[in-house]
Amino acid sequence: MDPRMCRKISSSESLPDVDNEEFEVSNIIAPQESEDNFLLEGSPEPQTVTWLDDDQIDDLNLDQTNLFFHRVDSADIIYRSKKKKCKLVGKYVMGDILGEGSYGKVKEMLDSETLCRRAVKILKKRKLRRIPNGEQNVQREIQLLQILRHKNVIELVDVMYNDEKQKMYLVMEFCVGVLQDMLESSPGKKFPQHQAHEYFTQLLDGLEYLHGQGVVHKDIKPGNLLLTLDQTLKITDFGVAEALDMFSPQDTCYTGQGSPAFQPPEIANGAETFSGTKVDIWSSGVTLYNMTTGRYPFEGDNVYRLLEAIGRAEPVPPPACVGSSLSALLVHMLKRDPDLRPTVQQIRRHDWVRSIPPLGPGERIALRVRAGVLHRERSETRVGRRRAKGRWHSSCGRLPSCRLT
């Protein structure tokens, strides 16, 4: 009962007989519930609800915020669907999330002037500071991508900064698929040799250009190889790449920060210096091994066991089903001694590279990426993320001014 409806009863006054006494109940005016407020139990005042979007939630420093929760009955919770607002960053319209990594999110975006689809890597300085050499790696990637121009290397279109939110936006050309995702969805998690040959020869083109520019990637793997609509392979993620001294006859490197499964024995054994180009040759061999067999030449229960196997053991021989020509190429590229590994030009002259392998009996090309199809399927199956609406996925392809890459 509301305490304002009660009056003090003297000691000489007896309580009325509840059964025979009639009471006059005054009208009580309570705050009207709406979509934006409701009464919490034990709270004398209506509580205002603030609706936050994803970016506002990301900007909250939850580590330094004291969070508390009120218990609310399910009947008191009001659900409503919010209308999606168009968010602009510069001249770009932000779209759905394409992926997320340790450095930040990658989203789809649309150039409002040219109507071209782009991809943007959103980096937060607060998160970069928690990663060893995070800020230096990003600056190195920007510097390298600004000078690299090749059909098999991802193109950096624009760089934007937001000092207020401490964010950095790297706008790049849009790709519709990642080689790693295609492998995972393919039968046996591998490609037919006919398809793997197409991707591997493009990887060699990109590596030959990078090495000619004095750049070593040091982290070649299927997860860093993207595909465009016309099946053009793009080498991406130059966070650990290194520009060599153009006046030095050697390609000596001093740091290796790539993925453990694709690292060569010299890095696994802790060598202080090593050949940068031979690291790319080794990781390209592991990538080709993975694309054609669905497995890795070295395995371990954890990172330490894996690096120990790479540093001391011999790689698992390719299965007989891959054929003698491809098997010989893989063995040559995965030589423990860096000096015995072939160069890109020697790999080009190999019989398996010079002749396109035909499709075997019962083999068929794995999933080919088409305009918006692969991206929409990945977005709709990603747990905890909003359902993909396909805003630009099909319509953009019909616009003659859109230069899809």
Side-chain angles (χ1 to χ4, degrees), residues 144 148 150-154 178-180 182-183 189-191 193-227 232-242 244 251 253 256-268 274-298 310 315-318 322 325-354 356-357:
L144 289 177
L148 297 175
H150 190 267
K151 66 175 183 177
N152 296 121
V153 177
I154 197 73
V178 185
L179 214 62
Q180 182 65 49
M182 292 180 60
L183 278 171
K189 296 186 177 182
K190 62 180 180 178
F191 295 140
Q193 289 192 28
H194 178 85
Q195 188 174 5
H197 180 276
E198 177 184 357
Y199 299 148
F200 183 71
T201 52
Q202 294 187 69
L203 174 59
L204 291 178
D205 291 341
L207 282 181
E208 186 175 29
Y209 168 77
L210 292 177
H211 294 172
Q213 297 295 316
V215 176
V216 289
H217 190 277
K218 296 196 296 186
D219 197 19
I220 296 294
K221 61 180 181 179
N224 288 337
L225 303 177
L226 308 181
L227 290 174
T232 300
L233 182 137
K234 301 282 184 177
I235 302 175
T236 186
D237 198 346
F238 285 76
V240 299
E242 187 172 341
L244 304 174
D251 60 344
C253 295
Q257 301 175 355
S259 303
F262 296 84
Q263 294 304 291
E266 55 267 27
I267 293 181
F274 49 86
S275 169
T277 57
K278 294 306 176 71
V279 170
D280 285 345
I281 296 298
W282 173 278
S283 56
S284 299
V286 177
T287 299
L288 180 60
Y289 191 106
N290 182 230
M291 285 195 299
T292 53
T293 66
R295 297 183 296 179
Y296 295 94
F298 297 93
I310 295 174
V316 177
V322 302
S325 180
L326 176 58
S327 180
L329 175 61
L330 293 174
V331 170
H332 196 188
M333 295 180 68
L334 297 179
K335 289 288 187 181
R336 294 183 57 82
D337 187 350
D339 296 333
L340 299 180
R341 294 173 204 156
T343 62
V344 174
Q345 292 74 19
Q346 291 173 335
I347 296 174
R348 284 186 177 280
R349 295 193 292 268
H350 194 275
D351 293 340
W352 187 84
V353 177
R354 294 174 61 186
I356 301 176

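For this chain, numbers begin at 1 and follow the sequence in order.
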Any non-hydrogen side-chain atom of [X] less than 4.5 Å from a side-chain atom of [Y]?
X	Y	answer
D237	I154	no
N224	F238	no
H211	D280	yes
I356	H194	yes
L334	V286	yes
V353	F200	yes
L330	W352	no
N290	P222	yes

Quick check for you: to the nearest 0.5 Å, what is the distance between [X] atom [atom1] and [Y] atom [atom2]?
X	Y	atom1	atom2	answer
D205	Q202	CG	CD	7.0 Å
I281	Q346	CD1	CD	9.0 Å
H197	R354	NE2	CZ	11.0 Å
D351	L326	CG	CG	12.0 Å
L183	F191	CG	CZ	4.0 Å
T277	L207	OG1	CG	10.0 Å

Looking only at non-hydrogen atoms, find the nearest pair between [X] and [Y] and report the distance.
X	Y	result
K278	P338	NZ-O, 3.0 Å
L233	Y199	CD1-O, 3.7 Å
G223	V178	O-CG1, 3.7 Å
T232	K151	CG2-O, 3.5 Å
I347	P342	CG1-CG, 3.7 Å
I310	A268	CG2-CB, 4.0 Å

Full working for side-chain contact (heavy atoms from CB on, under 4.5 Å) between M182 and K189: CA-CA 8 Å; M182 292 180 60; K189 296 186 177 182; over 6 Å; no

Donor-acceptor pair, distance only, cut-off 3.5 Å: does the side chain of H150 make one with the backbone of K234? no

For the pair T293 (side chain) and R295 (backbone), establish whether a donor and an acceptor sit closer than 3.5 Å, ignoring hydrogens and angles. yes

Using the side chain to side chain donor-acceptor pair (under 3.5 Å) rule, take Q263 and W282 through it: C-alpha gap first, then chi angles, then the decisive distance, then the call. CA-CA 7 Å; Q263 294 304 291; W282 173 278; over 6 Å; no

May I ask you to say whether R348 pairs ionically with E208, meaning some side-chain N is under 4.0 Å from a carboxylate O? yes

Test: K335 and E266 ion pair at under 4.0 Å: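 No, K335 and E266 are not salt-bridged.
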
Can you check side-chain contact (heavy atoms from CB on, under 4.5 Å) on F274 and I267, steps first, answer last? CA-CA 8 Å; F274 49 86; I267 293 181; 3.9 Å; yes

For the ring pair Y289 and Y296, is the centre-to-centre distance below 6.0 Å? no

Donor-acceptor side-chain pairing of D251 and S275 below 3.5 angstrom: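 A donor-acceptor contact under 3.5 Å links the two side chains.
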
What residue pairs, at least two apart or across chains, pass salt bridge (Lys or Arg N to Asp or Glu O under 4.0 Å) with a residue in residues 212-223?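 Passing the test, one end in residues 212-223: K218-E242.
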
Applying side-chain contact (heavy atoms from CB on, under 4.5 Å) to L225 and I235, what does each step give before you reach the verdict? CA-CA 5 Å; L225 303 177; I235 302 175; 4.0 Å; yes

Would L148 and L210 count as a side-chain contact (heavy atoms from CB on, under 4.5 Å) if you check the C-alpha gap in whole Å, the side-chain angles of each, and the deciding distance to 0.1 Å? CA-CA 8 Å; L148 297 175; L210 292 177; 3.7 Å; yes

